[in-house]
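Written out below as structure tokens is the structure these notes cover.
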Amino acid sequence: MYEMIVPGKYPVQVPPHLAGTVAVSLGRRLAWRILAIIIYGTLDVLLTFAPFYLLVIYRMSLDAFNTLNIVTGVMAFAWLGFVVIRLVRTGATPLMSLTGVRWVRVDTGAPAGWAGLGKLLLQSTIGTLTFGVGSIIICFASMDEINRTWFDRTLGIVPINTKAGRDTYKTPVTPQSQAPAQPVVQPWNATASAAASLPPVPSVPSAPPSVPLSAPPAPPTPEPEATHVPWASAASDPVPEPPTRVSAQASAPAATAPSSDYIGSTPWSNSDSDAAEGEPAATAQPLSFSPPSSIYSTSAQAPDSSLPQDDADDRTQLGVRYDTARVTFDTGVTYPFGGTIVLGRNPLAPASHPTASPVPVDDPQRSVSKTHVALTATREGVLVEDLHSTGGTVVVRADGEETPVLPGAPVHARAGDTVRYGQRSVVIDG
């Protein structure tokens with residue numbers, strides 16, 4: 001979601017090429033028009049009384065006066081041509097640039113071009129026919145939610161404030177296809193990474209009550225066929241029963257008689273031999289006993305040939321390793337991190353970085369948004385991504401070059417670069 005800030009109103013959703021811009025307020029519109037009236041009105045008065053002063057008071061010769069008129073006319077036309085060319089190319093006259101006003105296309109974000117000149121001509125025509133009253137009434141009565149007048153909507157123009165928001169003429173939006181790919185970094189979790197590819201484990205029916213060691217083994221009861229899981233044996237193993245505490249005297253016959261006090265098949269046992277014998281081995285241990293190192297023999301570690309290769313590989317748990325970086329805030333605090341961190345007054349992990357770590361930043365001037373910028377550690381440096389902030393984000397290179405960071409177009413920052421977000425900054429240490 002991209003928004004345009006409108007002074008005195010709620011933010012308005014706009015296309016990506018207008019993201020981060022600020023609409024021109026009514027006061028700024030009046031400022032540049034009043035400035036234009038004062039300057040051009042003063043020149044008009046001077047040109048009106050100049051002939052009287054030069055011919056009557058200064059007593060200039062008629063030939064010199066005519067020459068001066070020609071030079072003045074050429075300069076006036078040259079200035080008019082310069083203003084028109086600048087308006088068509090940049091969407092702003094010199095006085096508009098001085099007050100921070102620019103006219104851009106609402107559909108592309110590019111300068112208004114000839115539409116800007118057409119807007120001036122249309123306003124001048126209506127103002128001349130109505131003695132200036134018609135243009136003023138139309139401007140005040142037809143202003144919409146982003147402060148566009150009827151003239152702006154007719155010619156597809158939106159005025160933006162270049163001093164308070166992003167200037168689309170100087171910082172055009174980079175197409176998404178040309179934006180650097182953003183790495184997907186997940187936190188390290190060996191268990192989750194290995195278990196992610198495993199099938200769901202079926203529920204095991206509750207085992208019948210245990211039988212004392214002195215009693216003969218109960219006849220096997222038919223069990224429902226269990227779904228195969230990667231760590232189960234190739235043959236159907238008997239379902240283990242809860243262990244029963246036995247005395248030392250009763251432990252002797254446990255080696256010769258099968259009992260439910262022992263595990264029929266464990267992840268570290270040989271599934272083939274267990275299935276063939278149908279009883280625990282002589283070295284089997286109670287359920288609560290930790291397997292000794294001798295159990296991890298060569299035969300026990302060999303993969304089960306009856307299992308598919310993918311299931312055999314799933315027994316190994318793998319971890320995800322990510323890069324780390326270190327930054328220094330403008331308060332002097334050094335902060336090492338791995339993965340992604342989010343900076344802001346009260347940051348929350350965005351949908352694009354659900355596992356990011358929020359890092360609150362104290363900003364009494366409120367130039368930093370609640371969730372302002374995301375920093376991701378990569379092998380090439382730190383990937384800086386603006387999260388649709390109001391104050392904007394800029395990467396200042398070590399040589400002083402500034403690179404604006406636009407929403408949806410992250411920028412790589414290297415060691416020695418400075419990331420400026422709002423009125424706060426952070427230096428990339430490496």
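The chain is numbered in sequence order, starting from 1. Hydrogens, waters and symmetry mates are skipped; everything else that's a heavy atom, side chains included, is used.
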Going by heavy atoms in the side chains, are [X] and [Y] under 4.5 Å from each other?
| X | Y | result |
| --- | --- | --- |
| L343 | V368 | no |
| N147 | K9 | yes |
| V427 | D429 | yes |
| R148 | V106 | yes |
| R28 | P159 | no |
| R420 | E402 | yes |
| Y335 | V426 | no |
| W103 | L87 | yes |

side-chain contact (heavy atoms from CB on, under 4.5 Å) between T162 and K170, worked out: CA-CA 10 Å; T162 59; K170 295 182 178 179; over 6 Å; no
Atom [atom1] of [X] and atom [atom2] of [Y]: how far apart are they, to the nearest 0.5 Å?
| X | Y | atom1 | atom2 | value |
| --- | --- | --- | --- | --- |
| L122 | T154 | CG | OG1 | 7.0 Å |
| R366 | R345 | CZ | CZ | 4.0 Å |
| F151 | C139 | CZ | SG | 5.5 Å |
| L43 | T48 | CG | OG1 | 10.5 Å |
| T149 | I157 | OG1 | CD1 | 8.5 Å |
| R166 | I5 | CZ | CD1 | 12.5 Å |

Aromatic plane relationship, Y53 with Y58 - under 30° parallel, 30 to 60° tilted, over 60° perpendicular: parallel
Working for side-chain contact (heavy atoms from CB on, under 4.5 Å), residues T393 and E385: CA-CA 8 Å; T393 306; E385 179 182 359; over 6 Å; no
Flag if over 12 foreign heavy atoms under 6.0 Å of CZ, R33: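 Result for CZ/R33: enclosed.
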Atom CZ of R153: over 12 foreign heavy atoms under 6.0 Å: yes
Between [X] and [Y], is there a donor-acceptor pair closer than 3.5 Å when you use the side chain of the first and the backbone of the second?
| X | Y | result |
| --- | --- | --- |
| S135 | Q123 | yes |
| R424 | D362 | yes |
| S369 | T390 | yes |
| T99 | W32 | no |
| N161 | V24 | no |

